[in-house]
Amino acid sequence: MLELRLVQGSLLKKVMESIKDLVNDANFDCSATGFSLQAMDSSHVALVSLLLRSEGFEHYRCDRNLSMGMNLGNMAKMLKCAGNDDIVTIKADDGGDCVTFMFESPNQDKIADFEMKLMDIDSEHLGIPETEYEAIVRMPSSEFARICKDLSTIGDTVLISVTKEGVRFSTKGDIGTANIVCRQNTSVDKPEEATIIEMETPVSLTFALRYMNSFTKATPLATQVTVSLSSELPVVVEYKIGEMGYLRFYLAPKIEE
Amino acid sequence: VNPQRQITSFFSKS
């Protein structure tokens, strides 16, 4: 028996809108730790890792570890039917072939339940090693989204370089080139507008903008995004989900020519 | 065009 009650149901709506176009089908894993997902895009270039810790739920019952295969597009369709202020409860029976999403309006005057068929998904779980990143950039998520969107109108790839000067996003295309440099800025009044750069070693990596733009669909989840880079390793683009967890996107770099 | 690497070449099956 599984029953997870999330008062801030909009978080789950936002998570689904962020990943449904990147990943088609995925297993949601439920354990005492929390509700999690790890899945790759169909080209095996990007990996999504989601964790919603059990403590973040108002009610969390998971009698035994459960893996539920879901079509993310269909799950997103169902969650779209929940109001932004609704409480969302996820229910499933052990060994059952469906999951139920229950939506309750804040004043309890409307209760809806949507039942979705589960599917068998043969997915490979990857071990993500703990890494000390050479550079970690924390910046406003809206700013990061704007940069990725703007650069993708010029080129297909972005070269991200972190130096003492700051973080530089560069692209080139048929019509020309573009460079955007963001410097560390901790003097702003609001912490969510800060840009903080921690650099051990200068690092420079190239990534496909198509994927970066897809990751920025998670912008509504968090005011800040963390971009962690190490040479010869996938970049991690992380959006914190309130106090309860995170949505991380890993993207393999392009090979430098 | 820079060739694209796959995520599976960095992270191993667990």
Side-chain angles (χ1 to χ4, degrees), chain A residues 22-23 27 29 36 38-49 122-131 133 155-160 170-174 204-212 214-215 228-237 248-257, chain B:
Chain A
L22 190 63
V23 176
N27 282 316
D29 298 311
S36 64
Q38 192 204 79
M40 283 184 280
D41 76 300
S42 57
S43 319
H44 293 191
V45 169
L47 180 136
V48 181
S49 175
D122 198 17
S123 71
E124 43 188 348
H125 210 267
L126 300 180
I128 302 167
E130 283 287 319
T131 307
Y133 285 93
D156 297 329
T157 60
V158 58
L159 175 68
I160 305 179
S170 314
T171 194
K172 56 175 184 245
D174 294 340
S204 190
L205 287 162
T206 302
F207 300 98
L209 275 166
R210 187 167 70 84
Y211 287 96
M212 285 290 183
S214 178
F215 304 162
S228 305
L229 300 142
S230 272
S231 48
E232 300 294 311
L233 276 183
V235 63
V236 191
V237 179
R248 290 180 187 152
F249 298 98
Y250 295 83
L251 177 61
K254 293 265 192 174
I255 295 166
E256 301 292 338
E257 284 175 300
Chain B
V1 184
N2 306 43
Q4 175 67 60
R5 293 187 188 183
Q6 289 200 319
I7 205 88
T8 39
S9 63
F10 298 96
F11 302 150
S12 54
K13 282 181 208 176
S14 60

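Only this structure's heavy atoms are used, side chains among them; waters, hydrogens and symmetry mates stay out. Residue numbers start from 1 in every chain, and the chains themselves are labelled A, B, ... in the order their sequence lines are given, proteins ahead of strands.
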Nearest non-hydrogen partners of [X] and [Y], listed with the distance:
{"X": "A/A252", "Y": "B/Q6", "answer": "CB-C, 3.8 Å"}
{"X": "B/N2", "Y": "A/T206", "answer": "ND2-CG2, 4.3 Å"}
{"X": "B/R5", "Y": "A/I255", "answer": "NE-CG1, 3.1 Å"}

With B/F11 via ring pair (Phe, Tyr, Trp, His ring centres under 6.0 Å) - residues at least two apart: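 In terms of ring pair (Phe, Tyr, Trp, His ring centres under 6.0 Å), with neighbours along the sequence ignored, B/F11 is linked to A/Y250.
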B/F10: which of A/T131, A/L47, A/L233 passes side-chain contact (heavy atoms from CB on, under 4.5 Å):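 Considering A/T131, A/L47, A/L233, a side-chain contact (heavy atoms from CB on, under 4.5 Å) with B/F10 is found only for A/L233.
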Results of side-chain hydrogen bond (donor to acceptor under 3.5 Å, both in side chains) for A/S231 - residues two or more places apart only: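 Only A/E134 meet the side-chain hydrogen bond (donor to acceptor under 3.5 Å, both in side chains) criterion with A/S231.
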Most chain B-contacting option - heavy-atom pairs closer than 4.5 Å, from A/E124, A/M40, A/K254: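 When all of A/E124, A/M40, A/K254 are compared, A/K254 has the most.
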Greatest number of heavy atom pairs closer than 4.5 Å to chain B - which of A/G127, A/A46, A/S43: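 The option with the most such pairs is A/G127.
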